[in-house]
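The structure under discussion appears below in the form of structure tokens.
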2 protein chains.
Amino acid sequence: MHANVKQNVVPLITPGLKVACSQCNLRELCLPFGLLDEDMARLDNLIGGGRKLKRGQHLYRAGEAFESIFAVKAGFFKTDVLTEDGRDQVTGFQMAGEILGMDGISTEVHTCNAVALEDSEVCLIPFTELEMLSSEIHSLQHHLHKVMSREIVRDHGVMMLLGTMRAEERLAAFLLNLSQRFNARGYSPAEFHLRMTREEIGSYLGLKLETVSRAFSRFQDEGLISVQQKHIRILDIPRLKTLLTPADGRLG
Amino acid sequence: MHANVKQNVVPLITPGLKVACSQCNLRELCLPFGLLDEDMARLDNLIGGGRKLKRGQHLYRAGEAFESIFAVKAGFFKTDVLTEDGRDQVTGFQMAGEILGMDGISTEVHTCNAVALEDSEVCLIPFTELEMLSSEIHSLQHHLHKVMSREIVRDHGVMMLLGTMRAEERLAAFLLNLSQRFNARGYSPAEFHLRMTREEIGSYLGLKLETVSRAFSRFQDEGLISVQQKHIRILDIPRLKTLLTPADGRLG
DNA sequence: GTAGCCCTTTGATATTTATCAATGCAACTT
DNA sequence: AAGTTGCATTGATAAATATCAAAGGGCTAC
């Protein structure tokens with residue numbers, strides 16, 4: 001096995017790609033939130049460098065040894081779980097400032113795949129070292145716990161979506177969630193490009209791609225959004241939100 | 001407002017209900033897993049006492065301030081999320097040795113309700129103090145992270161269930177999961193009492209109670225299980241497992 | 001012990017979503 | 001520039017699950 005072949009399979013840390021939380025405009029969204037300057041400098045030292053990924057590349061795969069968590073610096077990811085029996089479920093889409101890989105802490109092995117949906121960049125945060133540092137910096141420890149807890153709460157929201165919503169409600173919730181997250185990052189909440197296919201949206205929402213496509217079309221017919229392939233413009237956010245409040249009859 | 005009325009609404013810590021991880025037969029399943037004796041003694045000191053709950057009582061409610069996580073010492077709980085628009089989703093069922101309340105860390109407010117489904121007992125673990133102690137005891141810190149990560153992985157499993165399985169597959173997965181957890185606690189994996197109603201099972205599985213009931217009946221007709229109200233006997237675990245492997249046609 | 005209530009079961013029908021199939025569109029490759 | 005390939009849309013039909021309805025059974029509380 002040639003060394004450069006192996007490099008293609010397992011992309012290494014980009015040499016010289018220095019990252020520093022203290023210089024990062026995502027720091028209020030990301031792990032260093034609320035740290036004092038001196039503590040942030042210690043976190044800077046810990047972060048193992050950045051890593052760039054091309055669209056389609058895996059950040060990690062289920063089964064690989066867990067060593068680090070990752071902060072998305074730029075770009076867009078999906079995570080998905082595959083089971084032996086062939087099921088495939090997209091468990092989330094991650095954008096700048098969000099943390100990837102916490103599923104691997106439990107067993108020291110990644111339990112899902114993380115794939116870049118566009119050219120992306122992440123910061124590598126070695127977990128053992130993060131634990132050591134968080135023993136010393138209480139606010140870092142607490143924020144790590146908050147980030148993990150937030151992931152649990154987010155997952156509960158997805159369960160709610162999958163367990164109680166019908167197709168159009170799911171898609172409306174999905175679009176509003178993306179809108180709100182783009183907005184929080186300084187992008188337009190009303191106009192954006194989807195980085196994922198209809199099939200990936202469908203997997204995330206527990207629907208078939210045709211159902212997703214039909215729901216998009218119906219939203220467009222009703223003047224709620226305009227869709228052109230992956231380009232979405234939300235025309236009526238308030239009315240989209242009312243879709244999430246089902247008629248009295250169906251619940252309660 | 002009379003003091004004893006208030007006691008009925010918000011049950012206080014049971015006085016004199018001393019709990020000690022070092023004496024607990026769940027310690028290998030629960031938070032103290034892997035601790036040295038001396039460290040376990042320190043955890044004993046931290047644990048705020050036990051609390052008993054009658055069936056139907058809330059351990060905590062969405063909206064309450066978060067202060068502690070809880071370890072189930074005995075009994076059976078459900079957690080559920082309610083949204084303003086009236087949706088209601090059971091997010092999990094918890095039994096002895098499992099940890100409740102980690103959703104509250106994120107915002108310092110509980111985001112779901114935890115209800116005892118039978119007379120139960122929990123240990124109260126004040127979270128701020130747990131963080132302080134885990135700064136000093138690395139194995140405790142690491143295990144806490146593992147417990148939180150395990151919850152994330154569990155949630156991914158529920159997403160998979162809700163996103164990719166049909167009704168009978170969901171129920172089979174549910175029964176096998178209970179079976180395995182009872183087994184891990186020294187109870188029969190083949191025979192147990194359900195603590196929850198068909199409606200609660202349905203909420204958890206994203207199904208209506210009638211669908212759950214029909215699936216139970218069909219399993220019984222096929223000789224997979226025997227059902228009498230809440231009493232379940234699994235007659236053919238291997239065949240129940242094969243239900244989870246869908247025919248080739250439907251996936252891939 | 002018994003009345004009442006909640007839970008469960010079962011049937012008939014309606015609704016939603018999946019499946020199968022065909023066509024169109026757009027980006028990438030050569 | 002044209003061909004190829006993957007992605008998206010749309011229609012017709014099938015399958016799964018929800019909804020509506022009614023009745024029986026068991027547990028609880030009086």
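Residue numbering restarts at 1 for every chain, and letters A, B, ... go by the order of the sequence lines.
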Using atom names, set out every protein N or O paired with an N or O of nucleotides 25-30 of chain C below 3.5 Å, distance rounded to 0.1 Å.
none

Listed pairs under 3.5 Å, donor-acceptor, residues 90-97 of chain B side chains, sequence neighbours left out:
from	atom 1	to	atom 2	distance (Å)
B:Thr91	OG1	B:Thr79	O	3.3
B:Thr91	OG1	B:Thr79	OG1	2.9
B:Gln94	NE2	B:Thr79	OG1	3.1

Taking side-chain hydrogen bond (donor to acceptor under 3.5 Å, both in side chains) as the definition, give me every residue that meets it alongside B:Ser106, ordered by chain and number, with sequence neighbours left out. none

Give a yes/no answer on whether the side chain of B:Arg198 brings an N or O atom under 4.0 Å of OP1 or OP2 in C:dC7. no

Would you mind listing every salt bridge (charged side-chain N to carboxylate O under 4.0 Å, His left out) that reaches into residues 69-80 of chain A, with sequence neighbours excluded? A:Lys78-A:Asp80, A:Lys78-A:Glu200

Taking only residues two or more places apart in sequence, or in another chain, which ones meet B:Arg198 in a side-chain hydrogen bond (donor to acceptor under 3.5 Å, both in side chains)? none

Can a side chain N or O of B:Lys208 be found less than 4.0 Å away from OP1 or OP2 on D:dT19? yes

For the helix from C:dG1-D:dC30 to C:dT30-D:dA1, measure the angle between the helix axis at one end and the axis at the other, each built from five pairs, rounding to 10°. 60°

Using salt bridge (charged side-chain N to carboxylate O under 4.0 Å, His left out) as the criterion, list what pairs up with B:Glu210, not counting sequence neighbours. none

If the condition is side-chain contact (heavy atoms from CB on, under 4.5 Å), which residues does A:Ser68 pass it with, not counting sequence neighbours? A:Phe70, A:Leu124, A:Pro126

Restricting to side-chain hydrogen bond (donor to acceptor under 3.5 Å, both in side chains), what partner residues turn up for B:His231, sequence neighbours left out? B:Glu191, B:His193

Got a salt bridge between B:Arg154 and B:Glu98, using NZ or NE/NH1/NH2 to carboxylate O under 4.0 Å? no

Please collect all salt bridge (charged side-chain N to carboxylate O under 4.0 Å, His left out) contacts where either partner lies in residues 216-226 of chain A, sequence neighbours excluded, each pair once. A:Glu168-A:Arg218

Footprint string (nucleotides 10-16 of chain D, 5' to 3'): B base within contact, S backbone only, - free, heavy atoms under 4.0 Å: BBB---S

When all nucleic acid strands are considered with a 4.0 Å heavy-atom cut-off, which category describes B:Gly206: base, sugar-phosphate, or nothing? sugar-phosphate

Those residues that, when tested against A:Arg55, pass side-chain hydrogen bond (donor to acceptor under 3.5 Å, both in side chains) (two or more places apart): none

